[in-house]
Amino acid sequence: MYRAIIKELIQWKLDKNRKPLIFLGARQTGKTWLLQEFGRTEYRQMIYINFETSTALRELFLPDLNIKRLIINFELHANLKITPEDTLIVLDEIQAAPRGITSLKYFCEDAPEYQIIAAGSLLGVKIHPNESFPVGKVDFLELSPMSFGEFLLAMGETGLARILDEKLWDMLPTFTEKFKEFLRYYFYVGGMPEVVAHFSQYRDWKMVRKLQNKILKTYQGDFSKYAPKEVFPRINMVWNSIPAQLAKENKKFVYGLIKEGARAKDFEMAIQWLVDSGLLHKVYNVSKPALPLVAYQELSAFKLFFNDTGLLAAMSKLKAKTLLNGDAIFTEFKGALSEQFVFQQLMTNQELAIHYFTFDNSKYEIDFIIQNEEDEVIPIEVKAGENLRAKSFKLFCEKFKPQTAIRTSLSNYRQESWMTNVPMYILGEYLK
């Protein structure tokens, strides 16, 4: 299956100032497959070590971080002679090897000729005691679930994918219903590669749910395996509250929905663990839609989004028959899946700073406020159905007069004097 991020991996390979790369992403997003595909297609040979399965190598970095010794051990493990110019070294699940992350600093400083990628699902939460992170000595890439465009390619819909990739917006009216059909599929299936691969081959809705529930159980298994014991019960409580949080009209995270009387200080560590593991994403409110947005973010007011639309649908027990109900899937669950979908497509552009905005009286809210690479602040209103009345959006645009304003919905693409209506299914590519 095609993943667009492989272009960035190739750019990393060709960069003369390349540093060791840390490849992040939640479990089941396809990191291992993609790195092996990258090694197979772009290198003469690859050395792949998974520290979760190669238990004998977990203590490899403990005696010292001498690069020559480490390289010899890599060669012995793979029975290959490493030639720096055409060998890719992949250290997978590196969080399982104490001081493995620290070793990247010495590869950067003492042996920059080696092309080395360290991958891990829980790098944000599983740093060993007395281990230092190699700040400034590594490059970063993060893999998210498959975007809607990648999903279309996996479904064999190369024509629809081409419209998105080449921004052929004048062709959209001809293919509107087909785009909406596959958007409904994506809301249910999501972007987890294993689930998408099975669905593209068999169109088996029941198996989609079984695979998604298996992934959710894997995540919960990680809670008990890797989280501190004192935080584990609260992680479960936060995790299980997310569908209820997103079912509200106002999506701001409310501690009282976890349990009555819950306070921020009791659950901050649990939320941060889930964010650091890549399973949830925090989007902060900003007090003012001005540059830079991060300077105006309010740390006490935030929304939490899942890492995948399909997993949210699975946790919410959404039935496949909802797909047959026309556009009902977009408005069910108070439009939570629509907002989740939009967030997920925004995340495919790692240059965007993503926030939201609430007016002083908290009655009106702008679903997303983004800052792009050109330092433009753009409000985005998500309308799950065809009813496009949005007092808050109009009020915002009248008050702050943004150069660009986007309303994303199921309606056709059109530009108006004060905003652009962008169909939900093109939003990710539209903003690139």
Side-chain angles (χ1 to χ4, degrees), residues 5 8 19 22-26 123-125 127 133-144 147 238 242 245-246 250-255 264-265 267-307 339-362 364-382 392-393 395-397 399-406 408 427-428 430-432:
I5 202 171
E8 296 182 60
K19 301 173 184 176
I22 291 183
F23 197 52
L24 299 168
L123 286 180
V125 299
I127 299 298
F133 199 87
V135 178
K137 304 297 181 181
V138 292
D139 294 323
F140 290 94
L141 269 181
E142 183 168 1
L143 183 65
S144 299
S147 69
V238 171
I242 298 302
Q245 299 282 351
L246 294 177
N250 181 338
K251 305 294 192 292
K252 176 186 173 183
F253 189 85
V254 176
Y255 289 95
K265 69 176 185 178
F267 289 92
E268 283 174 340
M269 285 183 62
I271 291 172
Q272 196 58 48
W273 193 96
L274 288 164
V275 171
D276 288 343
S277 67
L279 302 184
L280 296 181
H281 298 273
K282 230 176 191 180
V283 174
Y284 289 103
N285 186 59
V286 288
S287 58
K288 182 180 178 181
L291 292 170
L293 287 178
V294 68
Y296 298 97
Q297 69 182 17
E298 299 180 325
L299 299 182
S300 62
F302 58 88
K303 302 177 185 179
L304 287 178
F305 289 97
F306 259 65
N307 64 337
E339 198 167 328
Q340 169 69 40
F341 171 82
V342 168
F343 170 76
Q344 203 165 327
Q345 303 317 297
L346 294 177
M347 281 285 291
T348 62
N349 184 347
Q350 297 184 20
E351 299 302 318
L352 296 180
I354 307 171
H355 296 78
Y356 74 102
F357 176 77
T358 306
F359 286 86
D360 292 337
N361 59 12
S362 296
Y364 297 122
E365 177 186 292
I366 303 300
D367 297 312
F368 296 102
I369 297 281
I370 63 170
Q371 178 182 332
N372 64 14
E373 295 174 74
E374 288 75 40
D375 275 348
E376 186 180 7
V377 174
I378 302 173
I380 300 175
E381 178 81 357
V382 181
S392 56
F393 192 50
L395 181 63
F396 179 93
C397 292
K399 182 175 182 179
F400 297 105
K401 297 177 171 55
Q403 183 178 343
T404 302
I406 293 174
T408 187
L427 182 66
Y430 182 84
L431 288 168
K432 289 182 182 177

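As the structure is a computational prediction, the values presented were derived from the model and not from experiment. These numbers come from the heavy atoms of this one structure, side chains and all, not from hydrogens, waters or symmetry mates.
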Check whether any side-chain N or O of Glu381 sits under 3.5 Å from a backbone N or O of Ile366 as a donor-acceptor pair, and report yes or no.
-> no
Minimum heavy-atom separation for Val377 to Leu291, with atom names?
-> CG2-CD2, 3.6 Å
Report, one line per pair, each donor and acceptor closer than 3.5 Å where one atom sits in a side chain of residues 282-290; sequence neighbours left out.
| residue | atom | partner | partner atom | Å |
| --- | --- | --- | --- | --- |
| Asn285 | OD1 | Thr358 | N | 2.9 |
| Asn285 | OD1 | Thr358 | OG1 | 3.2 |
| Asn285 | ND2 | Glu298 | OE1 | 2.7 |
| Ser287 | OG | Tyr296 | O | 3.4 |

Do NZ/NE/NH1/NH2 and the carboxylate oxygens of Glu339 and Lys303 come within less than 4.0 Å?
-> yes
Decide if the gap between the ring center of Phe357 and the ring center of Phe400 is smaller than 6.0 angstrom.
-> yes
Flag, side chain of Ser392 to backbone of Glu365, donor-acceptor distance under 3.5 Å = yes
Are the side chain of Gln371 and the backbone of Leu293 linked by a donor-acceptor contact shorter than 3.5 Å?
-> yes
Kindly write out the residues that satisfy side chain to side chain donor-acceptor pair (under 3.5 Å) with Gln344, not counting sequence neighbours, or none if the list is empty.
-> Tyr186, Asp308, Thr309
In chain order, what residues pass the ring pair (Phe, Tyr, Trp, His ring centres under 6.0 Å) check against Phe305, with sequence neighbours excluded?
-> Phe343, Phe368
Taking the side chain as every heavy atom from C-beta outward, state whether Ile406 and Leu431 have any pair of such atoms under 4.5 Å apart.
-> yes
Say you draw a straight line from OH of Tyr255 to NZ of Lys265; how long is it, rounded to the nearest 0.5 Å?
-> 12.5 Å
Measure from the side-chain N and O atoms of Gln350 to the backbone N and O of Glu142, and report whether any donor-acceptor pair falls under 3.5 Å.
-> yes
Atom of Ile242, atom of Leu280 and distance for their closest heavy-atom approach | CD1-CD1, 4.0 Å
